[in-house]
K.L.:
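Before anything else, here's the structure in question.
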There are 2 protein chains.
Amino acid sequence: MSDRRATLHDVARYCSVSYQTVSRVVNHHPYVAEETRERVLKAIEELGYRPNRAAQSLAANRSHVLGMLTFGIENYGPAQVMIHTEQAARAAGYDLIFVHTPDSHIESLRAALKRLLHWQVDGLILITPLTNISLDDVRSLSGDYPMVQIGIERGASVPSVGVNQQRGGELVADYLLALGHEQIAEIAGPDDWFDAAERHHGFGAQLARANTAPTATIHGDWSARSGYEATTNLLASGARFSALFCANDQMAVGALQALNKAGRRIPEDISLIGFDDIPEAAYLIPPLTTVRQDFAAVGQQGIAGLLQRIAEPDGEPQQIHIEPTLIERQSTAPRKP
Amino acid sequence: MSDRRATLHDVARYCSVSYQTVSRVVNHHPYVAEETRERVLKAIEELGYRPNRAAQSLAANRSHVLGMLTFGIENYGPAQVMIHTEQAARAAGYDLIFVHTPDSHIESLRAALKRLLHWQVDGLILITPLTNISLDDVRSLSGDYPMVQIGIERGASVPSVGVNQQRGGELVADYLLALGHEQIAEIAGPDDWFDAAERHHGFGAQLARANTAPTATIHGDWSARSGYEATTNLLASGARFSALFCANDQMAVGALQALNKAGRRIPEDISLIGFDDIPEAAYLIPPLTTVRQDFAAVGQQGIAGLLQRIAEPDGEPQQIHIEPTLIERQSTAPRKP
DNA sequence: AATGCGTCTGTGAACGTTCACAGTGAATGT
DNA sequence: ACATTCACTGTGAACGTTCACAGACGCATT
């Protein structure tokens, strides 16, 4: 209707109370008479009044916004985490301002972080699964902002929530060993992602406990293409293996094709196992055995942790682990005798 | 260091100028002496001053924020659009506040929109590819906000940018007809997505021009699971077809498995074609023929359109089409004689 | 010597809200 | 009858910035 948005004062004038009373109604303060409340509510409705967030932030010195910094959301895991985090934040009454770093340079991160801090964000959610981004560096920029890191960095000084990737690696090792496999190859994720590093570490450590080791480890970049190329190289190198662990499902897709081209049957000749349980995993040929991560839980716990941090900024930074589960399908089988 | 963030006044006092001069430096106004500028810049650096966005919004009555409303970003297409849109917005100096609707009820949309409008967003980006969301309804809530709809709605009263889905459907029809296929089945997307509707429409129309029609059309929900089930039903129904068009690649993954289980060889017995060109498409078995959409272009044009709209709010709402391209791989072949 | 203009700087008010406080009645207790 | 409390309402200042204006100075033009 009108040119300008209605303000507290407009509403106040409209129903002859003070602006403060209107404010009280809006913020559900006690001590406003029922009759007045209704009159004000009606006026708000009629004038289409909406509080101005900028003014609220400024006056109250809190913004009701959380800053979300992401990297690599073209990948399934980070994207899932992001969606669920947004949901949890919204449920808690927070809006999200969202910056995506296109690359992992520390300078890009600084720039992204600066953008977020311009806003008086109440807290920071970091979905930046990279080891080369030192959280101390982040801290130096962001001061004592409440924040939560999604994905666990070992011994970090920041509260964090993530899937226990190390345990995931162990699950895979245990499972393949139980099937009788002794020669196991690995296509790991990029070294600078700590999810990848932890998976790799857990996997290797568990094999070591059984006095064995991966026959080969190649690092991919999460893409099907890299899985394909890694597998091709693996086969060309003459490495012998009866099982192959891919650190995510997309790389397993590529591996599947490479193995297929080389005439290896799955699971008869080679057992293949992925990680993530993307929705397509059950529909590959054969359906892919993989490790499922509960991203919804990560998102919820992440926000819960952050809100707690906002409420009481001191206290030991907690690290919350979500346990992964192995989903057995038909891409794995006992080793042929 | 200090408890409170530095303000304009702090900086001003620190180097004995007025706050207004500092403001001028920050905003790159002309008419500030080189010597002063440097002194101020130095002070800003030393005090770690950052402008308070809330105060800026409030005073200037513009926020430098764009509101982004998304639906269905668990799907490849919307997610890609979102990423590229964010990038383009950031490049243009805008921050993004981000709300995701978990479902397509109009009430969820209203709620989401309300959140965005609380902020004095300068413009609105709608990535809500649903036909049941009437843009007029959006307008009634958002008034004359500059906005851009990602994904073309036929005859919409709002500027929009999207891939020419209809043309995509035509490409598929042309291609399969040229290969000699006459009996073509279709697994379409959900009816209430306009991308799906347009693809379906273009596909059907082009077949009609060749005096034929799909032998069967089933609607899936974009997931591999639904592709699998649809294909299974198709086969069980006894429908005869030598080619199958899936409205996205994920459904094609499911179809692939269903056909495989039924002993149909691809492409020898049945040609399969998808849509989207997800990164895994080239690594399926066999590599999937599909239609590629340039999501980066969509994002960039979307932001460009919105910024133009913000600059001059009047003028005919433009609709920008991005043309899709067919990527031929090995899941399609000429019909067996 | 007076006028004008361009460059640079400062002042006051405004943006729309919250916070701290002060005030007003009416009901209650002594 | 008077103080005390409680429920409710209003006032002034502040948050950190931008905008519109005005002032001061130097230099060229008349």
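Small disclaimer: the values here were computed from a predicted structure and weren't measured. Order of the sequence lines fixes the chain letters, A, B, ..., with proteins taken first and strands second; residue numbering starts at 1 for each chain.
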K.L.:
Counting only side-chain nitrogens and oxygens, does A:Thr36 get under 4.0 Å of the OP1 or OP2 atom of D:dT9?
P.N.:
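Answer is yes, contact under 4.0 Å.
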K.L.:
Over how many whole Å does the gap from B:Glu38 atom CD to C:dC8 atom P extend?
P.N.:
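For the pair B:Glu38 CD and C:dC8 P, the rounded distance is 13 Å.
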K.L.:
Once you round it to whole Å, what is the distance between C1' of D:dA20 and CZ of B:Arg24?
P.N.:
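Spelled out: CZ on B:Arg24 to C1' on D:dA20 is 11 Å.
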K.L.:
So which one's nearest nucleotide on DNA chain D is more toward 5', B:Ala59 or B:Gln20?
P.N.:
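That would be B:Ala59.
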K.L.:
On the side chain of A:Tyr31, is there an atom forming a donor-acceptor pair with the base of D:dG10 - under 3.5 Å, no angle test?
P.N.:
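Per atom types, no contact qualifies.
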K.L.:
Using 30° and 60° as the class limits, which term best fits the ring planes of A:Phe98 and B:Phe98: parallel, tilted or perpendicular?
P.N.:
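Plane angle between 30° and 60°, so tilted.
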K.L.:
Provide, to the nearest angstrom, the distance between the NE2 atom belonging to A:His29 and the P atom belonging to C:dT18.
P.N.:
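Those two atoms, NE2 and P, are 8 Å apart.
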K.L.:
What is the distance, rounded to the nearest whole Å, between atom CD of A:Gln120 and atom P of C:dG16?
P.N.:
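These atoms are roughly 19 Å apart.
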K.L.:
Roughly, in whole Å, what's the span from CG in B:Leu8 to C1' in C:dG12?
P.N.:
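Roughly 16 Å, once rounded to whole Å.
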K.L.:
Taking CD from A:Gln56 and P from D:dC15, how many angstroms apart are they, rounded to a whole number?
P.N.:
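Nearest whole value for this atom pair: 18 Å.
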K.L.:
Do B:Arg53 and D:dG16 share a donor-acceptor pair, side chain to base, under 3.5 Å?
P.N.:
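There is none.
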K.L.:
Could you check whether the rings of A:Trp119 and B:Trp119 sit parallel, tilted or perpendicular, using 30° and 60° as the cut-offs?
P.N.:
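Rings of A:Trp119 and B:Trp119: perpendicular, over 60°.
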K.L.:
Could you give the CG-to-P distance, from A:Asn61 to D:dG16, as a whole number of Å?
P.N.:
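Atom-to-atom, A:Asn61 to D:dG16, this comes out as 7 Å.
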K.L.:
Ignoring hydrogens, what is the shortest heavy-atom contact between A:Pro146 and A:Asp122? Give both atom names and the distance.
P.N.:
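So the two residues come closest at CG-O, 3.5 Å.
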K.L.:
Would you indicate which nucleotide in D:dT18, D:dG16, C:dT17 comes nearest to any side-chain atom of B:Ala60?
P.N.:
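Closest nucleotide among those given: D:dT18.
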K.L.:
Separation of A:Arg37 atom CZ from D:dC8 atom P, in whole Å?
P.N.:
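Those two atoms, CZ and P, are 9 Å apart.
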K.L.:
Look at A:Ser57 and C:dT17 and indicate whether a side-chain polar atom (N or O) is within less than 4.0 Å of OP1 or OP2.
P.N.:
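For A:Ser57, the contact criterion (side-chain N or O under 4.0 Å from OP1 or OP2 of C:dT17) is not met.
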K.L.:
Measure up the A:Phe71 and A:His100 rings against each other and bin them: parallel (under 30°), tilted (30 to 60°), perpendicular (over 60°).
P.N.:
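Rings of A:Phe71 and A:His100: parallel, as their planes differ by under 30°.
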K.L.:
Mapping B:Tyr19 and B:Glu34 onto DNA chain C by nearest heavy atom, which one lands closer to the 5' end?
P.N.:
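Its nearest nucleotide lies further toward 5', so the answer is B:Glu34.
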K.L.:
Starting at the 5' end of DNA chain D, which residue's closest nucleotide do you reach first, A:Leu58 or A:Val32?
P.N.:
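Nearest nucleotide further toward 5': that of A:Val32.
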K.L.:
Please determine whether a side-chain nitrogen of the Lys or Arg among A:Lys42 and A:Glu38 lies less than 4.0 Å from a carboxylate oxygen of the Asp or Glu.
P.N.:
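Salt bridge between A:Lys42 and A:Glu38, a charged N being under 4.0 Å from a carboxylate O: no.
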K.L.:
For a quick test of reading the model: is some side-chain N or O of B:Ser23 closer than 4.0 Å to OP1 or OP2 of D:dT18?
P.N.:
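Answer yes for this pair, as a side-chain N or O of B:Ser23 is under 4.0 Å from OP1 or OP2.
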K.L.:
Do the side chain of B:Ser63 and the main chain of B:Gln120 share a donor and acceptor less than 3.5 angstrom apart?
P.N.:
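Judged by distance alone, yes, a pair lies under 3.5 Å.
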K.L.:
Using a heavy-atom cut-off of 4.0 Å across all strands, would you classify A:Asn52 as base, sugar-phosphate, or nothing?
P.N.:
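Sugar-phosphate, no base atom in range.
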K.L.:
Using the test ring-ring contact (aromatic ring centres under 6.0 Å, His included), find all partners of A:Tyr19 that sit at least two apart in sequence or belong to another chain.
P.N.:
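So A:Tyr19 forms a ring-ring contact (aromatic ring centres under 6.0 Å, His included) with A:His9.
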K.L.:
Starting from the 5' end of DNA chain C, give me the residue, B:Ala55 or B:Ser16, whose nearest nucleotide shows up first.
P.N.:
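First, find each residue's nearest nucleotide; the 5'-ward one identifies B:Ser16.
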K.L.:
With a 4.0 Å limit, can you tell me whether A:Ser18 has a side-chain N or O closer than that to the phosphate oxygens OP1/OP2 of D:dG10?
P.N.:
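Yes, because at least one side-chain N or O of A:Ser18 sits under 4.0 Å from OP1 or OP2 of D:dG10.
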K.L.:
Which atom pairs, one a donor and one an acceptor, fall under 3.5 Å between side chains of residues 20-29 of chain A and the rest of the protein, sequence neighbours left out?
P.N.:
unit_1  : atom_1 : unit_2  : atom_2 : d
A:Thr21 : OG1    : A:Ser18 : OG     : 3.3
A:Asn27 : ND2    : A:Ser23 : O      : 3.4

K.L.:
Would you classify A:Pro51 as touching base, sugar-phosphate or nothing, given that sugar-phosphate means primed atoms plus P, OP1 and OP2, and contacts are heavy atoms under 4.0 Å?
P.N.:
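Sugar-phosphate contact only.
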K.L.:
Can you give me the bend angle of the helix from C:dA1-D:dT30 to C:dT30-D:dA1? Use the axis through the first five pairs and the one through the last five, nearest 10 degrees.
P.N.:
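Answer for the end axes of this duplex: 50°.
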